[in-house]
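The structure appears below as structure tokens.
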Amino acid sequence: MAQVEHIEHGIEPVFDGRSEALVLGTMPSPASREAAFFYGHPRNRFWPVLAALFDEPVPEDNAERTDLLLRHHIALWDVLASCDIEGASDASIANARPNDLSRILHAAPVRHVFCAGATSARLYGKLCEPVCGIAAQKLPSTSPANAAWSLPRLVEAYRPVAEAVTCFEPPVLDVSAVVALERAIAAAGTPLDRLMRRAGRFLAYEARKMLEGEGPVVIFCGNGNNGGDGWVAAEYLDRWGIPVRVVTARAPEDLAAEPARSAALRARAALSDRAAVLVVPDDGEVADLLAASPLAIDAILGTGFSHDAVKAPFDRWIRALNDARARGTVVVAADVPSGLSAQTGAAAADTVRADVTVTMIAPKPGLYIVRDQGCAGRGCAEGGPLAVQVSGGQAAAATAPLVPAPCCGRIRVAPLAYIEPLLEAAAG
């Protein structure tokens, strides 16, 4: 039998000057207090719900959870600052003292308050609403104890949270601006190796969504950091029970670029027996792999590529990918289709034609073309590459609507980090 304890909250709220919706629990559970963050019980579904709302991978640590909240302009705290409670039983709460919500409400443009669970809503209505004057919407508890609510049902119930916030659309940034932004992200506390983990996981997440049918996923990894994203994606897909075949020109220990080398070594060590790594396979082996695969990932060349031709063996891999796509294999490109200049939109003789491009952090100008409105209705709807030079974190000033370049397919931006304040700082 759990003993009644007096608990002080002890966990700082998550918010900043862009927070538009405030989500409130009741009081941190023992698992949350141990994790020093909200909803720390491994079976609590709060973080899977939020990730599903915004169609992104479930965050894996407190830094990623904070990042998810801030990126989507959500503040998170609890109603109570202290109380007497028996274990994690909200029904046992006594001597409740509320948190000072004015800390958030005076600093952020919060327009909507949501209470997760009946106890949170009841205590908010009694202790907080008379002071702050904002009525709260009650949401179901995401606790594993609330087993009557499935994850899909919870996601739909929490939909008003997503509808209450303004979606941030990252601007089109030139390649040098993205490199500078990566340095700023690292200086703010998320180093490049951690960004690569997030990038590879997002790539794997998007690939899994598009995967239809059985058969292994073939991942083509180049020698640079774009290849590192592919190695991380292989590790996650394998962890999720999806067989993978990694095709690489160099064994992980022979890679020079960091953090790609470390990511490849870690991924190879983590891969299960159902996975395979093929170092410089011959063309017949590559063709056989693709013939048996419903989906392939292009992580060969990244945003630094700007040449007229692709070197061997990558040129042959690109041709094999395009041939497989013509036969029905889905192709997902990491950051930019290999052979395409992410800056200018110039395509090499061998360029991957992707079904979807998962571009990291922000869209790049070479991924888009300008729609020629003057040709509309005359079979000439798409014009030339988007020619913008964007520096210092400024948004591109396009004079006509943008559409993905044909070789990119659908473009999905993987946010990876909270960049709004960094862009504002760069803009000066």
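Please read all numbers here as calculations on a predicted model, not as lab measurements. FYI, side chains are in, hydrogens and waters are out, and symmetry mates aren't considered; it's all heavy atoms of this structure.
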Using a 3.5 Å distance criterion without hydrogens, assess whether the side chain of [X] forms a donor-acceptor pair with backbone atoms of [Y].
X: Ser141; Y: Gly117; result: no
X: Ser29; Y: Ser32; result: yes
X: Asn223; Y: Leu255; result: no
X: Glu420; Y: Glu424; result: no
X: Ser120; Y: Leu24; result: yes
X: Glu206; Y: Phe202; result: no
X: Trp77; Y: Ile11; result: yes
X: Asp350; Y: Arg319; result: no
X: Glu20; Y: Thr166; result: yes
X: His307; Y: Ala309; result: no

Atom of [X], atom of [Y] and distance for their closest heavy-atom approach:
X: Arg208; Y: Leu237; value: CB-CD2, 4.3 Å
X: Ile369; Y: Pro404; value: CG1-O, 4.2 Å
X: Gly224; Y: Ala260; value: O-CB, 3.3 Å
X: Pro109; Y: Ser19; value: CD-O, 3.2 Å
X: Pro252; Y: Arg261; value: O-CG, 3.4 Å
X: Phe305; Y: Gly339; value: CE2-O, 3.4 Å

_Listed partners of Asn62 passing side-chain hydrogen bond (donor to acceptor under 3.5 Å, both in side chains), at least two apart_ = Arg65
What distance do [X] atom [atom1] and [Y] atom [atom2] have between them, rounded to the nearest 0.5 Å?
X: Ile419; Y: Leu70; atom1: CD1; atom2: CG; answer: 13.0 Å
X: Cys221; Y: Leu278; atom1: SG; atom2: CG; answer: 11.5 Å
X: Ile85; Y: Leu80; atom1: CD1; atom2: CG; answer: 8.5 Å
X: Arg268; Y: Thr248; atom1: CZ; atom2: OG1; answer: 10.0 Å
X: Leu173; Y: Leu181; atom1: CG; atom2: CG; answer: 6.5 Å
X: Arg33; Y: Ile7; atom1: CZ; atom2: CD1; answer: 4.0 Å

_Test side-chain contact (heavy atoms from CB on, under 4.5 Å) on Tyr368 and Val403; report intermediate values, then the result._
CA-CA 5 Å; Tyr368 297 90; Val403 295; over 6 Å; no
Around [X], counting heavy atoms of other residues, nucleotides and ligands shown, do more than 12 lie under 6.0 Å from its [atom1]?
X: Glu60; atom1: CD; result: yes
X: Glu214; atom1: CD; result: no
X: Glu212; atom1: CD; result: no

How about [X] and [Y]: do any of their side-chain heavy atoms sit closer than 4.5 Å?
X: Ile297; Y: Asp229; result: no
X: Asn225; Y: Leu192; result: yes
X: Val110; Y: Ile104; result: yes
X: Leu139; Y: Val161; result: yes
X: Ile185; Y: Ile361; result: yes
X: Pro144; Y: Arg45; result: no
X: Lys364; Y: Asp335; result: yes
X: Glu56; Y: Arg71; result: yes

*Kindly determine whether Val352 and Phe314 satisfy side-chain contact (heavy atoms from CB on, under 4.5 Å), including the steps that lead there.*
CA-CA 10 Å; Val352 167; Phe314 304 139; over 6 Å; no
*For Glu12, what residues pass the salt bridge (charged side-chain N to carboxylate O under 4.0 Å, His left out) criterion, not counting sequence neighbours?*
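Glu12: salt bridge (charged side-chain N to carboxylate O under 4.0 Å, His left out) contacts with Arg103.
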_salt bridge (charged side-chain N to carboxylate O under 4.0 Å, His left out) against Asp238, all qualifying residues, sequence neighbours excluded_ =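 In terms of salt bridge (charged side-chain N to carboxylate O under 4.0 Å, His left out), with neighbours along the sequence ignored, Asp238 is linked to Arg274.
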Salt bridge or not between [X] and [Y]? Use side-chain N to carboxylate O under 4.0 Å.
X: Arg153; Y: Glu156; answer: no
X: Arg410; Y: Asp355; answer: no
X: Glu163; Y: Arg159; answer: no
X: Asp55; Y: Arg412; answer: yes

*asked:* Please determine whether side chain to side chain donor-acceptor pair (under 3.5 Å) holds for the pair Asp298 and Ser338, giving the CA-CA distance in whole Å, both sets of side-chain angles, and the decisive distance to 0.1 Å.
replied: CA-CA 7 Å; Asp298 159 33; Ser338 292; 2.6 Å; yes
*Report the residue from Arg197, Arg201, Arg194 that forms a salt bridge (charged side-chain N to carboxylate O under 4.0 Å, His left out) with Glu64.*
Arg201
*Can you sort out the partners of Phe46 under ring pair (Phe, Tyr, Trp, His ring centres under 6.0 Å), two or more places apart, ordered by chain and number?*
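Counting only residues at least two positions away or on another chain, Phe46 forms a ring pair (Phe, Tyr, Trp, His ring centres under 6.0 Å) with Tyr39.
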*Under the ring pair (Phe, Tyr, Trp, His ring centres under 6.0 Å) rule, collect the residues that match up with Tyr236, sequence neighbours excluded.*
Trp240
*Go through the steps for Leu321 and Leu290 under the test side-chain contact (heavy atoms from CB on, under 4.5 Å), then give the verdict.*
CA-CA 8 Å; Leu321 272 166; Leu290 287 169; 4.2 Å; yes
*Test Met27 against His9 for side-chain contact (heavy atoms from CB on, under 4.5 Å), laying out the working first.*
CA-CA 7 Å; Met27 192 72 180; His9 191 286; 4.2 Å; yes
*Kindly state each residue pair satisfying side-chain hydrogen bond (donor to acceptor under 3.5 Å, both in side chains) with at least one member in residues 276-297, sequence neighbours excluded.*
Asp283-Arg316
*Apply the ring-ring contact (aromatic ring centres under 6.0 Å, His included) test between His72 and each candidate in Phe54, Phe15, Tyr418, Tyr158; give the one that qualifies.*
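In the set Phe54, Phe15, Tyr418, Tyr158, the residue that makes a ring-ring contact (aromatic ring centres under 6.0 Å, His included) with His72 is Phe54.
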